[in-house]
Enquirer: 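This is the structure I want to talk about, given as structure tokens.
Per chain, numbering begins at 1; letters A, B, ... match sequence-line order.
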Amino acid sequence: MTIQVHDTRKGRKVPFEPLHDGEVTMYLCGPTVYNYAHIGNARPAVVFDLLARVLRRSYKLTFARNITDIDDKINAASIETGKPIDEITAKYIKAYNDDMAAIGVQRPDIEPRATQHVAEMISMIGELIDKGFAYEAEGHVLFDVASYKGYGELSKRDLREMIAGSRVEVAPYKRAAQDFVLWKPSTPELPGWDSPWGRGRPGWHIECSAMAAKHLGRTIDIHGGGLDLVFPHHENELAQSCCAHDGADFARYWMHNGFLSMDHEKMSKSLGNVVLVHELIKTVPGEVIRLALLSAHYRQPLDWSTETLKSAKRQLDRLYGAIRGIDVSDEARANAEVPEALVAALEDDLNSPKAMSEFFGLAKTLNKTTDPKQRQQLAAAMLAAGDLMGFLQTDPEAWFAGHVEGELSADDIEALIAKRDAARAARDFAAADAVRDQLSEAGIQIEDGASGTTWRRID
RNA sequence: GGCUAGGUGGCAGAGUGGUUAUGCUGCGGCCUGCAAAGCCGUCUACGCCGGUUCGAUUCCGACCCUAGCCUCCA
């Protein structure tokens, strides 16, 4: 089945065909490394990670996710903390990668950093000036929006209306209000690079254009990011790249994930409702966070609440519960086929909720099946599905043992279960129930199965 | 004001011109010493008003409401 993707530029779902047979290039706008990533930042990382996993089934994928390490917010953080910029960016790059790994995000093939591509940016800006799409003014280089006919195509904006509705103060050196900065002067205290226009630093948008061109070529297949990047960031990238590359299409498909809200409110520092992945993973399993982020279709808004996490945890409990106690070899797992319906759901514009419904269908079938061989096959299929989607990566026993240690250790729990078993064997149910109550109070729920008693930590 | 998405059962959340989404929760049952897990059943879902149609939650139009973008932002 052909993969379908929703293209922001066309405004609808279209069949996906890469530029080159069998190969796909994808570029995702990654983090600005001045702070820990919050849960909203994690959404595109998880969504496009899943897309990358799906694409790799059918194509040789080259996936780049940039790191923005030149930015006013980084400069501000440096001044505020008195720490050198390199130290700040190094710290948050590592934290980002660790945090994303904890929620099952695989490393992209390339993680280009802005600071390492200033030469490419300068060169691209020079080309834009030479070709008449950009102009220099008071140490700035600005993109001349009027020179590019297609401007506004991606974000479906009319230039004239934008001028009329502009609420931004127009810098005096700009020819037009919506002209945007490619290069700007830097003060001696701030980072700067020598350029034909004096010592300065690049504007925000040019880095993605330069890095995408360098690592993926002039025309990339998929460009992704959060919905809020459509304008102005992606619109500007598109304009720059297209003009610098003599009209070559910049990205064949534009994909944008929807926003995340917190208890129906916008997440913002002033409201104090910013949830950092770095903090969350201390108490919540990464897979729970991942599933919560994939519980709604990627283009839909997603409301984040304790209920969202609770629901994701229960869903994973169900999946882990189905495969618990079934012995599946690594080989069987690797060779198992992911059910077609599940793959089809993901290939249909990454319909993760539909894919999960297929996942639960597998679990239900497995739970109903008694034949051991069939159970093994179904469990292998579930694990293969989990490997594709980034779930079931933990041993079920470890999963049910809990993410954080409780008051009782596993050995304590096993000892109490043995004690209860002895009481049950003696038909002393009052004593057995007393043990169970004791475990229950410690947050441990027990389950008497055909092959003995198992337990799980309840939160 | 402009642009772009949405409004689905108790909650979350897919989807479809006529047939069970799925998960959680509630209720009834099976299983169990009792539970839990699991299984079976179950709770008159598609914002409002028109139109097209044999038939619309699904297509079209109006209206109401919500969110995002238009300024740094995933």
Enquirer: Regarding A:Gln445, tell me which of base, sugar-phosphate or nothing describes its non-hydrogen contacts under 4.0 Å with the strands shown.
Expert: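 Sugar-phosphate only.
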Enquirer: In this structure, how many angstroms lie between the P atom of B:rG68 and the CG atom of A:Asn257, rounded?
Expert: 15 Å
Enquirer: I'd like to know if the side chain of A:Asn351 reaches the main chain of A:Lys354, judged simply by a donor and an acceptor atom lying under 3.5 Å from each other, with no hydrogens or angles considered.
Expert: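 Yes, A:Asn351 side chain to A:Lys354 backbone: donor-acceptor pair under 3.5 Å.
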Enquirer: Give me the ring orientation class for A:Trp204 and A:His233: parallel if the planes are under 30° apart, tilted from 30 to 60°, perpendicular past 60°.
Expert: parallel
Enquirer: Polar-atom pairs under 3.5 Å, protein N or O versus N or O of nucleotides 32-34 of chain B: list them with distances, or write none.
Expert:
unit_1 : atom_1 : unit_2   : atom_2 : d
B:rG33 : O6     : A:Arg420 : NH2    : 3.2
B:rG33 : O6     : A:Arg424 : NE     : 3.4
B:rG33 : N1     : A:Asp433 : OD1    : 3.0
B:rG33 : N2     : A:Asp433 : OD1    : 3.3
B:rG33 : N2     : A:Asp433 : OD2    : 2.6
B:rC34 : O2     : A:Arg436 : NH1    : 3.1
B:rC34 : O2     : A:Arg436 : NH2    : 2.2
B:rC34 : N3     : A:Arg436 : NH1    : 2.9
B:rC34 : N4     : A:Asp448 : OD2    : 3.1

Enquirer: Using the six-membered base ring of B:rG23, report whether A:Phe360 stacks on it, requiring centroids under 5.5 Å and planes under 30° apart.
Expert: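 Ring-base stacking flag not set for A:Phe360 and B:rG23.
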Enquirer: Between A:Asp98 and A:Lys94, is there a side-chain N and carboxylate O pair less than 4.0 Å apart?
Expert: yes
Enquirer: Can the ring centroids of A:Tyr34 and A:Tyr92 be said to lie less than 6.0 angstrom from one another?
Expert: no
Enquirer: Between the side chain of A:Gln4 and the main-chain N/O of A:Phe16, is any donor-acceptor distance below 3.5 Å?
Expert: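 Not a single qualifying donor-acceptor pair exists.
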Enquirer: Between B:rC70, B:rC3, B:rG13, which one does the side chain of A:Pro353 approach most closely?
Expert: B:rG13
Enquirer: Give every pair of a protein N or O atom and an N or O atom of nucleotides 9-12 of chain B that lie under 3.5 Å apart, one pair per line with the distance.
Expert:
none

Enquirer: Which residues within residues 96-108 of chain A lie with some heavy atom under 4.0 Å of an atom in RNA chain B?
Expert: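 None - not one residue of the stretch has a heavy atom sitting under 4.0 Å from the strand.
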Enquirer: For A:Asp144, is there any backbone N or O sitting under 3.5 Å from a side-chain donor or acceptor partner on A:Asp179?
Expert: no
Enquirer: Show me the donor-acceptor pairs, under 3.5 Å and distance only, between side chains in residues 411-421 of chain A and residues at least two apart or in other chains.
Expert:
unit_1   : atom_1 : unit_2   : atom_2 : d
A:Asp412 : OD1    : A:Ser409 : OG     : 3.4
A:Asp412 : OD2    : A:Ser409 : N      : 3.1
A:Asp412 : OD2    : A:Ser409 : OG     : 3.2
A:Glu414 : OE2    : A:Trp455 : NE1    : 3.0
A:Arg420 : NH1    : A:Asp448 : OD1    : 3.1
A:Arg420 : NH2    : A:Asp448 : OD2    : 2.8

Enquirer: Centres of the A:His215 and A:His117 rings: under 6.0 Å?
Expert: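 Centroid distance A:His215-A:His117: below 6.0 Å, so yes.
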Enquirer: Flag the pair A:Lys373 and A:Asp371 as a salt bridge only when some basic side-chain nitrogen lies within less than 4.0 angstrom of an acidic carboxylate oxygen.
Expert: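 Salt bridge absent between A:Lys373 and A:Asp371.
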Enquirer: Expected output is a numbered-order residue list: members of residues 392-401 of chain A with a heavy atom under 4.0 Å from any atom of RNA chain B. What is it?
Expert: none
Enquirer: Output the rounded distance in Å from CD (A:Glu235) to P (B:rU4).
Expert: 13 Å
Enquirer: Starting at the 5' end of RNA chain B, write a dot or bracket for each base, bracketing those in Watson-Crick or G-U wobble pairs whose two distances are under 3.5 Å and using | for partners on another strand.
Expert: (((((((..(((.....[...))).(((((.......)))))....(.(((..]....))).))))))))....
Enquirer: Judged by atom type as modelled, is there a donor-acceptor pair below 3.5 Å linking the side chain of A:Arg299 to the main-chain atoms of A:Leu227?
Expert: no
Enquirer: Would you call the rings of A:Tyr151 and A:Tyr148 parallel, tilted or perpendicular, where under 30° means parallel and over 60° means perpendicular?
Expert: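 Ring orientation, 0 to 90° scale: perpendicular.
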Enquirer: Spell out, as yes or no, whether a donor-acceptor pair under 3.5 Å connects the side chain of A:Asn66 to the backbone of A:Gly30.
Expert: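 Yes, A:Asn66 side chain to A:Gly30 backbone: donor-acceptor pair under 3.5 Å.
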Enquirer: Below 30° counts as parallel, above 60° as perpendicular, anything between as tilted: where do the rings of A:Phe180 and A:His205 land?
Expert: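 A:Phe180 and A:His205: perpendicular rings.
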Enquirer: Verify the contact: side-chain N or O of A:Asn367 to OP1 or OP2 of B:rA37, cut-off strictly under 4.0 Å; return yes or no.
Expert: no
